[in-house]
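Atoms within a ligand are numbered from 1 in the order they appear, just like the ligands themselves. What you see is a predicted model; the values in this text were computed from it and never measured.
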Amino acid sequence: MEHNREFEIDGNSNPIQISRLALDIGGSLIKLVYFSRNSGDDEDPPKDKVGVSNGVNGRLHFAKFETAKINDCLEFISANKLFLGGGFQHQENCTNDRRFIKATGGGAYKFSELFKEKLDISLEKEDEMDCLVMGANFLLKAANQEAFTYLNGQKEFVQIDHNDLYPYLLVNIGSGVSMIKVDGYGKYERVSGTSVGGGTFWGLGKLLTKCQSFDELLELSHQGNNRAIDTLVGDIYGGMDYSKVGLSSTTIASSFGKAISDNKELEDYKPEDISRSLLRMISNNIGQISYLNALRFGLKRIFFGGFFIRGHSYTMDTIAVAVHFWSKGEAKAMFLRHEGFLGALGAFMSYESPSPDNLVVNQMVPLPVNASLVTDTNFDTLKGDLNGTESIRCSIY
Ligand SMILES: Nc1ncnc2c1ncn2[C@@H]1O[C@H](COP(=O)(O)OP(=O)(O)O)[C@@H](O)[C@H]1O
Ligand SMILES: CC(C)(COP(=O)(O)O)[C@@H](O)C(=O)NCCC(=O)O
């Protein structure tokens with residue numbers, strides 16, 4: 001079972017109060033974002049403009065489960081009493097016995113009855129695209145070191161200019177892929193999508209390699225060589241470049257093309273080579289379609305989210321190279337540290353609005369839930385995968 005670290009007891013053996021849980025139930029994964037209130041007075045309480053403390057300090061936690069194992073998720077919520085609200089002095093309609101959770105993604109509809117039946121919880125549904133955009137805007141505005149570029153194995157955090165953020169293209173690579181032109185808070189249009197996404201990589205990979213987990217498939221791709229199965233331009237052109245149209249001999253002419261002429265069975269190919277080809281094919285395709293959509297609307301910035309990416313270097317490199325190649329360096333692919341949690345964060349933020357006074361304290365964060373973020377430093381930049389183990393210190397008003 002994949003989930004987050006221990007959180008029931010803090011360092012002083014005080015029970016940690018969990019308030020506010022939001023879910024994003026997707027085709028492949030269920031993402032949870034929940035807030036634990038600090039139990040001690042170990043941090044300065046947030047103050048408003050006249051110096052009055054009025055917020056709640058705590059941490060945002062992240063966890064994920066496979067949608068196919070939704071019962072594990074229900075058990076996790078139940079065992080840790082994540083559905084109990086309360087703990088916020090400033091929420092008017094907050095009572096300890098309220099039994100609803102904000103939820104987004106298709107599963108918020110599909111599993112509504114299951115939550116009611118098993119946990120007696122109603123899922124309050126929020127639109128998936130609204131939540132993705134809300135989550136992305138929030139992170140880009142509020143979190144330090146959220147967006148980064150990845151080229152030639154080099155990760156570089158991008159300083160976001162808040163006055164020059166919009167418009168941008170948000171590409172969410174989940175089971176399928178959504179491409180959204182974002183013009184501001186709540187201002188967006190889903191301009192395209194493709195069914196060739198994370199579900200395709202994992203689904204085809206599972207069939208072709210017999211891998212038992214996504215992580216195993218991803219790990220395999222590290223050791224593979226896509227040339228064993230992809231047809232390169234050089235394979236067709238007798239080792240030469242097709243320079244007239246700018247294709248080098250090493251460019252992939254046809255993904256999986258060698259399988260036609262090799263006269264081999266599936267078993268004759270190494271699973272690691274298959275995994276690598278598959279990852280490259282899908283990442284490259286998404287990078288290319290993203291660029292074409294950016295071109296359609298004259299967008300220079302493309303942010304990629306969704307759990308397909310998993311902070312994986314080869315995936316990011318392939319996407320970034322595709323965007324760089326097709327745009328001739330004009331457009332920039334950027335990745336998000338909280339890539340898989342955009343929708344869940346958006347749902348989390350769709351709880352009730354704060355009072356106008358509280359907006360002043362965090363004026364950089366003009367959001368329904370007024371939160372000031374200080375991200376932890378325990379993010380492993382080499383491994384690059386947040387994977388539900390990082391929490392965010394924040395204050396909710
Ligand atoms: N542990 C995992 N189990 C299954 N799929 C994973 C895992 N980690 C990453 N993935 C990839 O992430 C995709 C799901 O991404 P996500 O953004 O959660 O989308 P969705 O909302 O459709 O579930 C999967 O299709 C798969 O490619
Ligand atoms: C239907 C979806 C929005 C569901 O989101 P997901 O669970 O994949 O994150 C997504 O799978 C999608 O955008 N698919 C591509 C459909 C298309 O535009 O062809």
Sub-4.0 Å atoms of ligand 2 with respect to non-hydrogen atoms of S175
8 (O)
Ring centres under 6.0 angstrom apart (F325, Y291)
no
Using a strict cut-off of 4.0 Å, indicate which atoms of ligand 1 neighbour a heavy atom of G306.
17 (O)
K64 to ligand 1: N or O pair under 3.5 Å?
no
Heavy atoms only: which of F214, F201, F341, F308 lies closest to atom 5 (N) of ligand 1?
F214
Using the ring centroid of each side chain, check whether Y314 and H222 are separated by less than 6.0 Å.
no
Atom 1 (C) of ligand 2 protein-contacted (non-hydrogen atom, under 4.0 angstrom):
no
Counting each atom of ligand 1 from 1 as listed, which ones have a heavy atom of S28 under 4.0 Å away?
14 (C), 20 (P), 22 (O), 23 (O), 24 (C), 25 (O)
Charged tip of K328 within 45° of W326 ring normal and under 6.0 Å
no
Please report the shortest heavy-atom distance between F256 and M281, naming the atom on each side.
CD1-SD, 4.0 Å
Look at atom CZ of R227 and say whether more than 12 heavy atoms of other residues, nucleotides or ligands are closer to it than 6.0 Å.
no
Tell me which one of D24, L29, D215, T200 gets a heavy atom nearest to atom 3 (N) of ligand 1.
L29
Is a side-chain donor or acceptor of R99 paired with a backbone partner of I121 at a separation under 3.5 angstrom?
no
Would you say S175 and ligand 1 have an N/O pair spaced under 3.5 Å apart?
yes
Using a 3.5 Å cut-off on N or O atoms only, is S192 in polar contact with ligand 2?
no
Starting from atom 9 (O) of ligand 2, find the nearest protein heavy-atom neighbour and note its residue, name and distance.
E128 OE2, 3.6 Å
Any nitrogen or oxygen of N172 lying under 3.5 Å from a nitrogen or oxygen in ligand 2? Just yes or no.
no
Going by the angle between their ring planes, with limits at 30° and 60°, are F76 and F65 parallel, tilted or perpendicular?
tilted
Backbone or side-chain N or O of G27 under 3.5 Å from ligand 1 N or O:
yes
For ligand 1, find out whether one of its N or O atoms is nearer than 3.5 Å to an N or O atom of G198.
yes
Residue-level breakdown please: for K31 versus ligand 2, do any non-hydrogen atoms fall below 4.0 Å on the side chain, on the backbone, on both, or on neither?
neither
Under 4.0 Å from any heavy atom of G176, which atoms of ligand 2 are there?
8 (O), 11 (O), 14 (N)
Please work out whether the ring planes of Y34 and H61 are parallel, tilted or perpendicular, with thresholds of 30° and 60°.
parallel
Heavy-atom pair of closest approach, residues L342 and L170
CD1-CD1, 4.0 Å
Which segment of F307 sits under 4.0 Å of ligand 1 when only heavy atoms are counted:
both
Among all protein heavy atoms in this structure, tell me which lies nearest to atom 15 (C) of ligand 2, with the distance rounded to 0.1 Å.
T194 O, 3.4 Å
Give the ring-plane orientation class for Y351 versus F348, where under 30° counts as parallel, over 60° as perpendicular and anything between as tilted.
perpendicular
Per-atom contacts of ligand 1 with W202, taking only distances under 4.0 Å to non-hydrogen atoms
4 (C), 5 (N)
The protein heavy atom nearest to atom 18 (O) of ligand 2 is R190 NH2, 2.9 Å
Is there a polar contact, in the sense of an N or O pair closer than 3.5 Å, between G27 and ligand 2?
yes
Per-atom contacts of ligand 1 with G199, taking only distances under 4.0 Å to non-hydrogen atoms
25 (O)
Working to the nearest 0.5 angstrom, can you tell me the gap between R280 CZ and I252 CD1?
4.0 Å
So F335 and F148, would you call those rings parallel, tilted or perpendicular, with 30° and 60° as cut-offs?
tilted
Are more than 12 heavy atoms from other residues, nucleotides or ligands located less than 6.0 Å from atom NZ of K264?
yes
Tell me yes or no: between the side chains of N137 and Y166, is some donor less than 3.5 Å from an acceptor?
yes
Short N/O distance, under 3.5 Å, between M129 and ligand 2?
no
Non-hydrogen atom of K31 closer than 4.0 Å to ligand 1
yes
Does E66 reach ligand 1 with a nitrogen or oxygen that is under 3.5 Å from one of the ligand's nitrogen or oxygen atoms?
no
